[in-house]
Amino acid sequence: MEFQRSGISLIYRLEIANKGNTFAKVASLVGNAGGDIAAVDVIRVTQDVVVRDVTINVANREHGRQIAELLDAEPGIHVVAVSDRTFLVHLGGKLEVVPKIQVKNREDLSRVYTPHVARVCEAIHEDPSKAFQLTIKRNTVAVVSDGTAVLGLGDIGPYAAMPVMEGKAMLFKQFAGVDAFPICLDTKDPDEIVETVKRIAPAFGGINLEDISSPRCFYIEERLKQELDIPVFHDDQHGTAVVMLAGLMNAAKLVGKKLQDLKVVIVGIGAAGVACTKMLLSAGVKNIIGVTLEGILHRGKQYDNEIWNWYKEHTNPDNITGTLDDAIVGADVFIGVSGPGVLTVEHIKKMAPDPIVFAMANPTPEIEPELAAPHVRVLATGRSDYPNQINNLLCFPGMFKGALAARASTINEEMKLAAAQAIASIIRENELREDYIIPSVFNQAVVQRVADAVAEAARRTGVARREVMPKDNY
Ligand SMILES: NC(=O)C1=CN([C@@H]2O[C@H](COP(=O)(O)OP(=O)(O)OC[C@H]3O[C@@H](n4cnc5c(N)ncnc54)[C@H](O)[C@@H]3O)[C@@H](O)[C@H]2O)C=CC1
Ligand SMILES: CC(=O)C(=O)O
Ligand SMILES: [Mg+2]
């Protein structure tokens with residue numbers, strides 16, 4: 001497999017002397033410095049200067065800074081400002097609340113608000129299940145985080161977590177038509193998180209827990225599942241596991257191996273690692289080895305982390321000990337949900353023929369794709385700028401769309417397995433290739449296929465509270 005790395009796009013506001021061909025100088029300076037001019041807009045022209053916004057693709061922020069210095073040092077060119085397009089799209093946040101009905105006159109006002117709204121309130125008071133029919137609960141999910149495990153950035157707190165949660169909420173709406181609201185909590189206390197989520201739950205049809213560190217996330221999710229009658233889904237656990245399984249089903253098919261025969265090494269036994277393991281076990285994989293910062297999880301050791309004690313009992317059938325160096329020997333599959341730099345080319349060389357590597361840490365995978373590509377048969381990462389993106393985005397919009405449509409009281413194992421099969425099935429057998437084991441997140445068939453499969457599994461397992469009609473426009 002071969003990849004090309006993409007960089008970042010910066011907008012340079014330049015004041016350029018209005019004489020001769022000074023812009024040609026800009027173009028040649030940028031080109032010689034390895035930048036790529038993507039667009040040029042004239043902002044203002046005076047007798048002396050032309051102000052232009054020049055969009056330049058650069059390798060990284062340092063490269064961008066070097067180009068700014070080069071331009072500024074040139075007589076007749078002044079760099080007024082450099083803006084990062086990623087920051088520009090975040091100005092003022094990425095979401096707004098838009099009413100479905102316009103209030104044009106007093107009559108409208110009295111209907112959507114007081115006095116007539118009171119009759120609707122009374123109807124819900126008499127029968128609380130009507131909240132699903134008569135409020136946003138029907139189609140709204142809370143995206144809840146405490147900011148303790150944001151992407152691979154760690155505990156950066158609730159304010160810094162907001163851009164990710166806003167992003168998830170945007171994607172819910174854009175991909176599945178599900179309204180979602182980002183809620184970042186200023187507490188790390190698991191019981192306070194549970195209590196807070198329970199108290200806001202009346203407004204929501206589902207709770208998507210996001211980027212809450214392990215092992216706290218297991219307790220929080222478990223309690224909320226028991227105490228709420230709407231789906232609670234920790235995306236980093238189950239969304240990731242569902243998409244990973246979909247990718248692995250197809251990758252295994254491609255290399256001609258059966259799931260039950262695979263030796264799988266998972267590094268990073270946190271939220272995603274534990275859920276991926278459980279999903280693989282329920283799909284029939286027998287030989288799974290979990291590796292943490294303390295080494296391979298094995299039965300000779302008692303761990304402070306309770307979930308690791310569960311883990312050692314359900315994995316590592318040969319009870320091997322040591323580090324990733326030991327675990328990786330003869331492995332068919334590497335799954336990374338840890339951090340950058342964990343996997344080396346030397347590790348891959350010790351794997352079984354046709355290695356499958358899912359380096360899923362965000363934003364930087366366990367190994368640079370360019371380094372791994374020549375040595376693997378199938379490579380997947382969590383990144384949008386490479387093929388085979390294993391990202392929970394393939395799961396959570398359709399998962400909640402289906403669960404809300406069925407008015408499911410929970411999301412169970414069958415619904416998750418159905419979602420994984422639905423995602424995998426988008427790629428027909430004759431379409432499978434090393435760089436196409438998982439559909440693109442932009443494949444429009446994915447969300448509906450997942451939603452249908454999830455709603456059907458909810459009905460089959462008795463957790464649906466509403467029949468989804470084939471023609472329902474949900
Ligand atoms: N591609 C995707 O869809 C997703 C990717 N992720 C990524 O997976 C990673 C883990 O996420 P979570 O499980 O939510 O976090 P977490 O904080 O619950 O777990 C991470 C675990 O990895 C361990 N770890 C870190 N570096 C390690 C190393 N060098 N060797 C062994 N273990 C190591 C940590 O000690 C921790 O136990 C993050 O980078 C995250 O961005 C998470 C969810 C979805
Ligand atoms: C994709 C995602 O949810 C994460 O990296 O945390
Ligand atoms: Mg996440």
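Read the numbers this way: they start at 1 and go in the same order the structure lists the ligands and their atoms.
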* Could you see which bit of T292 sits under 4.0 Å from ligand 1, with heavy atoms only: side chain, backbone, both or neither? => backbone
* E210: which N/O/S atom is nearest the Mg ion (ligand 3)? -> OE2
* Asked: Side chains of H375 and P355: does their closest heavy-atom pair fall under 4.5 Å?
  -> no
* Nearest protein heavy-atom contact for atom 5 (O) of ligand 2: which residue, which atom, what distance? -> N362 ND2, 2.9 Å
* Side chain proximity check, F442 to Q389, heavy atoms < 4.5 angstrom -> no
* To do: Kindly determine whether L245 and L280 satisfy side chain to side chain contact (heavy atoms under 4.5 Å, CB included), including the steps that lead there.
  => CA-CA 7 Å; L245 180 60; L280 290 173; 4.1 Å; yes
* Asked: Do any nitrogen or oxygen atoms of S214 lie less than 3.5 angstrom from nitrogen or oxygen atoms of ligand 1?
  -> yes
* Asked: Going by heavy atoms in the side chains, are Q237 and K278 under 4.5 Å from each other?
  -> no
* Asked: What part of V164 sits under 4.0 Å from ligand 2 if we count only heavy atoms: the side chain, the backbone, both or neither?
  -> neither
* Asked: With a 4.0 Å cut-off, strictly under, does atom 34 (C) of ligand 1 pick up any protein heavy atom?
  -> no
* To do: Answer side chain, backbone, both or neither: which part of T240 comes under 4.0 Å from ligand 2, heavy atoms only.
  => neither
* salt bridge (Lys or Arg N to Asp or Glu O under 4.0 Å) partners of D186, counting only residues at least two apart -> none
* Structure fact -> Contact region, V150 to ligand 2, non-hydrogen atoms below 4.0 Å, reads neither
* **Heteroatom proximity flag, N391 to ligand 2, N/O under 3.5 Å** => no
* Could you tell me how the ring of H238 sits relative to the ring of H234: parallel (under 30°), tilted (30 to 60°) or perpendicular (over 60°)? => perpendicular
* Asked: When you measure from the Mg ion (ligand 3) to each N, O or S atom of D211, which atom gives the shortest distance?
  -> OD1
* **Winner among L151, T240, D236 once heavy atoms are compared against atom 38 (C) of ligand 1** => L151
* Beyond-backbone contact of N391 with V243, side-chain heavy atoms, under 4.5 angstrom -> no
* To do: Show which atoms of ligand 1 fall inside a sub-4.0 Å distance from at least one heavy-atom site of M360.
  => 1 (N), 5 (C), 6 (N), 7 (C)
* So which of F181, F396, F233 actually passes ring-ring contact (aromatic ring centres under 6.0 Å, His included) with F172? -> F396
* Asked: With a cut-off of 6.0 Å (strictly less than), are more than 12 heavy atoms of other residues, nucleotides or ligands near CD of Q174?
  -> no
* For atom 3 (O) of ligand 1, which protein heavy atom lies nearest, and how many Å away is it? -> N392 N, 3.1 Å
* Do any nitrogen or oxygen atoms of A361 lie less than 3.5 angstrom from nitrogen or oxygen atoms of ligand 1? -> no
* Asked: So which bit of N362 gets within less than 4.0 Å of ligand 1, heavy atoms only: side chain, backbone, both or neither?
  -> both
* For ligand 2, is M360 a contact, meaning one of its heavy atoms is under 4.0 Å away? -> no
* Quick one: does G339 get an N or O within less than 3.5 Å of an N or O on ligand 1? -> no
* All pairs passing salt bridge (charged side-chain N to carboxylate O under 4.0 Å, His left out) where residues 283-301 contributes a residue, at least two apart -> E294-K301
* Asked: Between E62 and R65, does at least one N-O distance fall below 4.0 Å, as a salt bridge requires?
  -> yes
* Asked: Do any nitrogen or oxygen atoms of A272 come within less than 3.5 Å of a nitrogen or oxygen of ligand 1?
  -> yes
* Heavy-atom count around N60 CG within 6.0 Å, excluding the residue itself: above 12? -> yes
* Structure fact -> Closest to atom 23 (C) of ligand 1 (heavy atoms only, candidates G268, G382, G295) is G268
* Applying a 4.0 Å heavy-atom criterion (strictly less than), which segment of V342 is in contact with ligand 1: side chain, backbone, both, or neither? -> side chain
* At a non-hydrogen distance cut-off of under 4.0 Å, which region of I390 contacts ligand 1 (side chain, backbone, both, or neither)? -> backbone
* To do: Write the atom name of the N, O or S atom in D236 that is nearest the Mg ion (ligand 3).
  => OD1
* Asked: Hey, does P397 have a side-chain heavy atom less than 4.5 Å from the side chain of V178?
  -> no
* Asked: How far apart are the C-alpha atoms of I8 and T86, what are their side-chain angles, what is the distance that settles it, and do they pass the side chain to side chain contact (heavy atoms under 4.5 Å, CB included) test?
  -> CA-CA 8 Å; I8 57 174; T86 303; 5.7 Å; no
* Any N or O of S213 that comes nearer than 3.5 Å to an N or O of ligand 1? -> no
* Asked: Of all the atoms in ligand 1, which lie at a distance below 4.0 Å from a heavy atom belonging to N391?
  -> 3 (O)
